[in-house]
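One structure is given below, encoded as structure tokens.
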Amino acid sequence: ANDLTKMQIDANVAEADVGVVENGQSVDFTVDAFPNRTFHGKVVQVRNAPITVQNVVTYDTVIGVSNPDLKLKPGMTANVSIIIAHKDDVLKVANAALRYRPADATAAPRSGPAQPGGNKGRGPGDRERRTERTVYVLHGSKPVAVQIKTGISDGISTEVLEGLQVNDRVVTAQVSAPNAPQQTNPFGGPPRRF
């Protein structure tokens, strides 16, 4: 480390994810020494030699980082997020809403057959995942299943392409009614209501 103002991160990217990583992509990362600060870099190289540890294959991805204030030190552990897609001004829903199912719900409704020409204009370079998911929207006081089409996700929220409007009240969790029977706590102690 001759010049600490220019550093690099050697990140191990899983083989399932390495197909979408390219040189020049932006990277956000944090280090334990500064947990409330997000640092930035760019992908410089994706190496072709696989690294296999306990049957997990990863690829070394080199990330170039500018370090003008010398906050970053050699040997620090970085938690890296490589940004493969970015969109501004989109409708999004919390991922908790995509996982929620009411207690009395039957299996999620299946989506119909694919529409003809549904992938029209999409080539191999278009990495946008479009899937159909079921969310529950409050109509009055009752949750109603609604099919939506989703786009990109950051792990916390997901882009909504079709199926929801801006002011729809989407259900993410259910609180027990005051007179509903309480569930027992399998770890002992009194039942708890969340």
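Excluded from the calculations below are hydrogen atoms, water molecules and symmetry mates; all remaining heavy atoms, backbone and side chain alike, are included.
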Check whether [X] and [Y] end up in the same hydrophobic cluster, where Ile, Leu, Val, Met, Phe, Trp and Tyr are linked by side-chain heavy atoms less than 4.5 Å apart.
X      : Y      : answer
Val13  : Val57  : yes
Leu161 : Leu164 : no
Val31  : Val65  : yes
Ile83  : Phe39  : no
Val27  : Val21  : yes

Roughly how far, to the nearest 0.5 Å, is the [atom2] atom of [Y] from the [atom1] atom of [X]?
X      : Y      : atom1 : atom2 : value
Asp10  : Gln8   : CG    : CD    : 5.0 Å
Thr134 : Ile148 : OG1   : CD1   : 8.5 Å
Asn12  : Thr61  : CG    : OG1   : 8.0 Å

Considering residues at least two apart in sequence or located in another chain, which fulfil the side-chain contact (heavy atoms from CB on, under 4.5 Å) criterion with [X]?
X      : answer
Glu162 : Lys149
Thr30  : Thr38, Asn79
Leu70  : Leu4, Thr5, Asn67

For the student: nearest non-hydrogen atoms of [X] and [Y], plus distance:
X      : Y      : answer
Ala33  : Met76  : CB-CE, 3.7 Å
Thr58  : Ala14  : CG2-CA, 4.0 Å
Val146 : Gly163 : CG1-O, 3.5 Å

Do [X] and [Y] have side chains that get closer than 4.5 Å, going by heavy atoms?
X      : Y      : value
Val171 : Leu138 : yes
Glu22  : Ile84  : no
Ile63  : Val80  : yes

Sorted by first residue and then second, give each ring pair (Phe, Tyr, Trp, His ring centres under 6.0 Å) pair with at least one member in residues 64-104; sequence neighbours left out.
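Sorted result for residues 64-104: Tyr100-Tyr136.
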List, one per line, each side-chain donor-acceptor pair under 3.5 Å for residues 89-96, sequence neighbours excluded.
unit_1: Asn95; atom_1: OD1; unit_2: Thr158; atom_2: N; d: 3.4
unit_1: Asn95; atom_1: OD1; unit_2: Thr158; atom_2: OG1; d: 2.5
unit_1: Asn95; atom_1: ND2; unit_2: Gly155; atom_2: O; d: 3.1

Excluding Val56, membership of its hydrophobic cluster (Ile, Leu, Val, Met, Phe, Trp, Tyr; side-chain heavy atoms within less than 4.5 Å) reads none
Under the rule for ring-ring contact (aromatic ring centres under 6.0 Å, His included), what residues qualify as partners of Tyr59, not counting sequence neighbours?
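With neighbours one apart ignored, the set is empty.
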Residue pairs fulfilling salt bridge (Lys or Arg N to Asp or Glu O under 4.0 Å) with at least one residue in [range], sequence neighbours excluded:
range            : result
residues 65-75   : Arg37-Asp69
residues 163-172 : none
residues 24-34   : none
residues 12-21   : none

Can a donor-acceptor pair be found, under 3.5 Å and without considering hydrogens, that links the side chain of Glu159 to the backbone of Ile152?
yes
Let me have the donor-acceptor pairs involving side chains of residues 41-55, under 3.5 Å, with sequence neighbours excluded, atom names and distances please.
unit_1: Lys42; atom_1: NZ; unit_2: Ser26; atom_2: OG; d: 3.2
unit_1: Gln45; atom_1: OE1; unit_2: Arg47; atom_2: NE; d: 3.1
unit_1: Arg47; atom_1: NH1; unit_2: Asp60; atom_2: OD2; d: 2.9

